[in-house]
There are 2 protein chains.
Amino acid sequence: MKIGELGKATGTPVETIRYYEREGLLPFPARTAGNFRVYGEGHAERLSFIRRCRSLDMTLDEIRTLLRFKDAPAENCLGVNVLLDAHIGHVAARIRDLRALERQLRNLRGQCREAREAVHCGILNELSHLPEKDAERPGSPARGVHAGVGASRSC
Amino acid sequence: MKIGELGKATGTPVETIRYYEREGLLPFPARTAGNFRVYGEGHAERLSFIRRCRSLDMTLDEIRTLLRFKDAPAENCLGVNVLLDAHIGHVAARIRDLRALERQLRNLRGQCREAREAVHCGILNELSHLPEKDAERPGSPARGVHAGVGASRSC
DNA sequence: GAACAAGCTATAGTGACTACAGGGTCAACA
DNA sequence: TGTTGACCCTGTAGTCACTATAGCTTGTTC
């Protein structure tokens, strides 16, 4: 199967498949005479595993670790449990952070009930004059699901 | 005040201050004869505003919008309210996504109660063989607080 | 005058892709 | 046989909000 078929079979853009290959998550496939990649069932299964882990928001590094366990079936799987527990902890912490953030934002939103001149807007004034107090310092913003709040945006 | 003092006064690394200047969030400051940046109270206030917004996890683009309102005090502030409502909506949606993710992860974790050979690990098996079903497709992972789950990590 | 802190510019790296540019391969059809 | 068009290839740059480094200059203190 060629890369486009593999992409369709697993719901993965072809650029992403090539990216996983570069990152060492997928083994180098065979090539046709014309230099096209050729994949088998093993590749499809491995890619599905990766995508399933990504849908659970694991990092590529975490997935690399899980793949090592998959590639060593006789080994003890304790590390898998440990990794997953840590991942769950990160997600839970992130939810707590975001809930605190939501409370702060709703409180701020309450400062301006109706539209008026910007100079009298309760929101802008609060953002201008209140101390940052217990808000987490943006100098070291916690990022990503694993830790905090700030992150890259696509929207 | 020089850049280091401004950084201390606002809890901002100096590289970040220079970055905000490049991004057009902070106006170009005056310079000493030796080419050092010199800041006044206005700069400190503006930077504090920016940092407060960042601690509420707004993007630099959102902050740019708010700064435009601050710079036009006579304008109607409706746009501020709209922006904040949208931001709150993004955060709330992200919390919902993460809670669903946490449920999925805890369910997965339940598949392997004790450590054993990786080949019999319920977690690895579930990740290998179950359909991705209703999990959000990683082909278009929602990123950042504003939308979803995947994000850059610093940990 | 020498040491040292703090400043300067420019550039590259982070994570996990995504989006080109500029080409090559291959099957189908006129 | 020629050509269209879908697909494939490599390589590079862009995303976001910083962060870190290299290699230099300025300013203060001893």
Side-chain angles (χ1 to χ4, degrees), chain A residues 1-8 11-26 28-39 47 50-51 53-64 137-155, chain B residues 1-8 11-26 28-39 47 50-51 53-64 137-155:
Chain A
M1 132 177 76
K2 280 189 290 182
I3 196 168
E5 296 169 74
L6 179 63
K8 260 179 205 128
T12 313
V14 296
E15 302 88 352
T16 303
I17 296 175
R18 287 193 281 249
Y19 171 72
Y20 289 160
E21 182 185 315
R22 280 200 302 283
E23 288 295 303
L25 294 168
L26 278 178
F28 296 114
R31 299 278 185 142
T32 66
N35 202 31
F36 286 13
R37 288 169 178 85
V38 193
Y39 296 99
L47 180 54
I50 295 169
R51 298 300 273 175
C53 291
R54 282 295 296 138
S55 78
L56 296 175
D57 199 46
M58 296 178 192
T59 63
L60 296 192
D61 251 4
E62 287 169 329
I63 297 170
R64 252 183 285 266
R137 270 298 165 113
S140 56
R143 313 190 155 281
V145 161
H146 282 175
V149 165
S152 64
R153 321 300 177 77
S154 57
C155 55
Chain B
M1 116 181 87
K2 280 189 290 181
I3 196 168
E5 297 169 73
L6 178 63
K8 260 179 205 128
T12 312
V14 297
E15 301 87 352
T16 303
I17 297 174
R18 287 193 282 249
Y19 171 71
Y20 289 160
E21 182 185 314
R22 280 200 302 283
E23 289 295 303
L25 295 169
L26 278 178
F28 295 115
R31 300 278 186 141
T32 67
N35 201 31
F36 286 13
R37 288 169 177 83
V38 193
Y39 296 98
L47 180 55
I50 295 169
R51 297 300 273 176
C53 291
R54 282 294 296 138
S55 78
L56 296 175
D57 199 46
M58 296 177 193
T59 63
L60 297 193
D61 250 4
E62 287 170 328
I63 298 170
R64 252 183 284 266
R137 272 298 166 113
S140 55
R143 312 190 156 281
V145 160
H146 282 174
V149 164
S152 63
R153 322 298 178 78
S154 57
C155 55

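By the 4.5 Å heavy-atom criterion applied to side chains, A/E15 and A/Y20 are not counted as neighbours. At least one side-chain heavy atom of A/I3 sits under 4.5 Å from a side-chain heavy atom of A/Y39.
Between B/I17 atom CD1 and B/L26 atom CG the span is 7.5 Å, to the nearest 0.5 Å.
Each of D/dC18, C/dT18, D/dT19 was ranked by its minimum atom distance to the side chain of B/Y20; first place goes to D/dC18. Residue A/L60 has its side chain nearest to C/dA16 when only C/dA16, D/dA17, C/dT18 are considered.
In terms of phosphate contacts, B/R54 brings a side-chain nitrogen or oxygen within less than 4.0 Å of OP1 or OP2 of D/dC18. Phosphate proximity of C/dT18 to A/T16: present, with a side-chain N or O under 4.0 Å from OP1 or OP2. An OP1 or OP2 oxygen of D/dC7 is reached within less than 4.0 angstrom by no side-chain nitrogen or oxygen of A/R37. Phosphate proximity of C/dT9 to B/R31: present, with a side-chain N or O under 4.0 Å from OP1 or OP2. At C/dT18, none of the side-chain N or O atoms of A/R22 fall inside 4.0 Å of OP1 or OP2 (strictly under the cut-off). The shortest distance between the side-chain N/O atoms of A/T59 and the OP1/OP2 oxygens of C/dG15 is not below 4.0 Å.
By the side chain to side chain donor-acceptor pair (under 3.5 Å) test, B/R64 is found to be paired with B/D61, residues two or more places apart in sequence or in another chain being considered.
Both A/R64 and B/R18 sit near DNA chain C, but only B/R18 has its closest nucleotide nearer the 5' end.
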query = Can you give one letter per nucleotide of nucleotides 24-30 of chain D, going 5' to 3': B for a protein heavy atom under 4.0 Å from the base, S for sugar-phosphate only, - for none?
reply = --SS---
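As a whole-Å value, the separation of A/Y19 OH from C/dT18 P is 10 Å. For the pair A/E15 CD and D/dC9 C1', the interatomic distance rounds to 12 Å; values are reported in whole Å. Atom CD1 in A/I17 sits about 14 Å away from atom C1' in C/dT18, given to the nearest Å.
Remark: the backbone N or O of B/S55 is not paired with any side-chain donor or acceptor of B/R51 at under 3.5 angstrom.
The end-to-end axis angle of the helix from C/dG1-D/dC30 to C/dA30-D/dT1, rounded to 10 degrees and based on five pairs per end, is 30°.
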